[in-house]
Visitor: 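Quick one: the structure is below, questions incoming.
Just so it is clear, the values below take in all heavy atoms, side chains as well, and ignore hydrogens, waters and symmetry mates. Quick note on labels: first sequence line is chain A, next is B, and so on, each numbered from 1. As the structure is a computational prediction, the values presented were derived from the model and not from experiment.
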Amino acid sequence: MPELPEIETIKSGLRKVIFGKKIYSAKVVRRDLRFPVPKDLEKLVKNSKILKIKRRSKYIILELTGSVSLIFHLGMSGKLIISISKKQEEFILQKHDHLVFFFENQIQLTFNDARRFGFVDITKSKSDGYIRFAHIGPEPLQKNFNKDYLLRKIEYSERNIKNILMDQKIVAGLGNIYVTEALWKSKINPNRSGKSIKDIECVNLVNSIREVLKKAIKFGGTSLKDFRKVGGEIGYFQNKLNAYAKEKQKCSRGRCKGRIKKILISGRSTFYCSICQK
DNA sequence: CCGTTAACCTGAGAGC
DNA sequence: TGCTCTCAGGTTAACG
């Protein structure tokens, strides 16, 4: 489910409510997520305070006192939900609630994940050194993701550009929706090989990725199905999509008479306009 | 090393 | 109603 803009939206939502707050305790309801919840999580979290709230790629990071970082990955269906004003002993678990963090001021943070493709981890190293971040590519909204970098990664590649951009080792945080949208915006056919992308198209692609992500963040992410902000509200970027899930609809680019097609690339639904995406 | 595919898991919606 | 089938914002082990 959640890609960079959704995780960024969650990060902002968490900052408003739990920044600087103390965690009294954590309750783990179910440990067999994508990876097992670490055995010592409850102990490491108990009586800590939230010092920083960060995002790296599609991960949410809570840096705690005691040089401990809590790390969340939401997989396809994961949610982080804040609720307030229930006493711990009266807290009611919803279906697929797997962890609950009890904060001061009656604040609770719940990790809910129906499909359990997500996971929760904890590290005592600096969060930058977290093992799963080791091979993740640059953040697309930072300067080190630019035309020169991307061109270097794709210029000899036979892979299609869609799979390249979905690859977290190439660039962090993009998934099916935002790659689809960025390719539409740059008028590039998702089946094009990396090496066929011209210099000017690469410039365009980098700019399109940035613009699509920034706009999606501004609208609070895309809620097609599962995505919710920390207060349970939906995002609104689904109203701004031009290609994703727009099968058979008219291409919204000015004067283009095409319709959006749906194809499969590496088993994933892919949407594009066969008229303007060359 | 590189790239592709299958598998992980549950729920929603379509078609019958 | 209910059954079966397909599909879903992701990642990665296994394979060629």
Visitor: At a heavy-atom distance below 4.0 Å, what parts of residues 223-244 of chain A sit against DNA chain B?
Guide: A:Lys225
Visitor: Counting the atoms with a prime plus P, OP1 and OP2 as sugar-phosphate, which does A:Arg268 contact under 4.0 Å by heavy atoms, base, sugar-phosphate, or nothing?
Guide: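 Base, at least one base atom sits under 4.0 Å.
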Visitor: Sequence neighbours left out, what pairs pass ring-ring contact (aromatic ring centres under 6.0 Å, His included) with at least one residue falling in residues 27-58 of chain A?
Guide: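 Non-adjacent pairs meeting ring-ring contact (aromatic ring centres under 6.0 Å, His included): A:Phe35-A:Phe119.
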Visitor: Can you pull the side chain to side chain donor-acceptor pair (under 3.5 Å) pairs that have at least one residue in residues 92-105 of chain A, sequence neighbours excluded?
Guide: A:Asp97-A:Asn112
Visitor: Look at the side-chain N and O atoms of A:His73 and state whether any lies under 4.0 Å from the OP1 or OP2 oxygen of C:dT11.
Guide: yes
Visitor: Heavy atom of residues 152-183 of chain A under 4.0 Å from DNA chain C: which residues?
Guide: A:Gln168, A:Gly175, A:Asn176, A:Ile177
Visitor: Sequence neighbours excluded, which residues qualify as ring-ring contact (aromatic ring centres under 6.0 Å, His included) partners of A:Phe133?
Guide: A:Tyr59, A:Tyr130
Visitor: Which string of ( ) [ ] | and . matches DNA chain C, if you list each base 5' to 3' and count Watson-Crick or G-U pairs only when both distances are under 3.5 Å?
Guide: .|||||||.|||||||
Visitor: Which residue pairs pass the ring-ring contact (aromatic ring centres under 6.0 Å, His included) test when at least one of the two sits in residues 137-164 of chain A, sequence neighbours left out?
Guide: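 Counting only pairs at least two positions apart or across chains, no ring-ring contact (aromatic ring centres under 6.0 Å, His included) contact touches residues 137-164 of chain A.
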Visitor: Determine which pairs satisfy ring-ring contact (aromatic ring centres under 6.0 Å, His included) with at least one residue from residues 245-278 of chain A, sequence neighbours left out, and list them in order.
Guide: A:Tyr244-A:Phe271
Visitor: Enumerate the residues from residues 114-131 of chain A whose closest heavy atom to DNA chain C is under 4.0 Å, giving them by residue number; use none for an empty result.
Guide: A:Arg115, A:Phe117
Visitor: I'd like the P distance from C:dC3 over to B:dC9, given in whole Å.
Guide: 23 Å
Visitor: Taking any atom under 4.0 angstrom from a heavy atom of chain A, which nucleotides of DNA chain B are the first and last to qualify, 5' to 3'?
Guide: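 Result: B:dG3 to B:dA12.
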Visitor: Give every residue pair that meets the side chain to side chain donor-acceptor pair (under 3.5 Å) criterion with at least one member in residues 136-147 of chain A, sequence neighbours excluded.
Guide: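 Side chain to side chain donor-acceptor pair (under 3.5 Å) check on residues 136-147 of chain A returns A:Arg55-A:Glu139, A:Arg56-A:Glu139, A:Lys147-A:Asp199.
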Visitor: Considering every strand and a 4.0 Å limit on heavy-atom distances, what is the contact class for A:Ser269: base, sugar-phosphate, or nothing?
Guide: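 Since only primed, P, OP1 and OP2 atoms lie under 4.0 Å of A:Ser269, the category is sugar-phosphate.
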Visitor: Using a 4.0 Å cut-off on heavy atoms, which residues in residues 189-197 of chain A reach DNA chain C? List them by number, or say none.
Guide: none
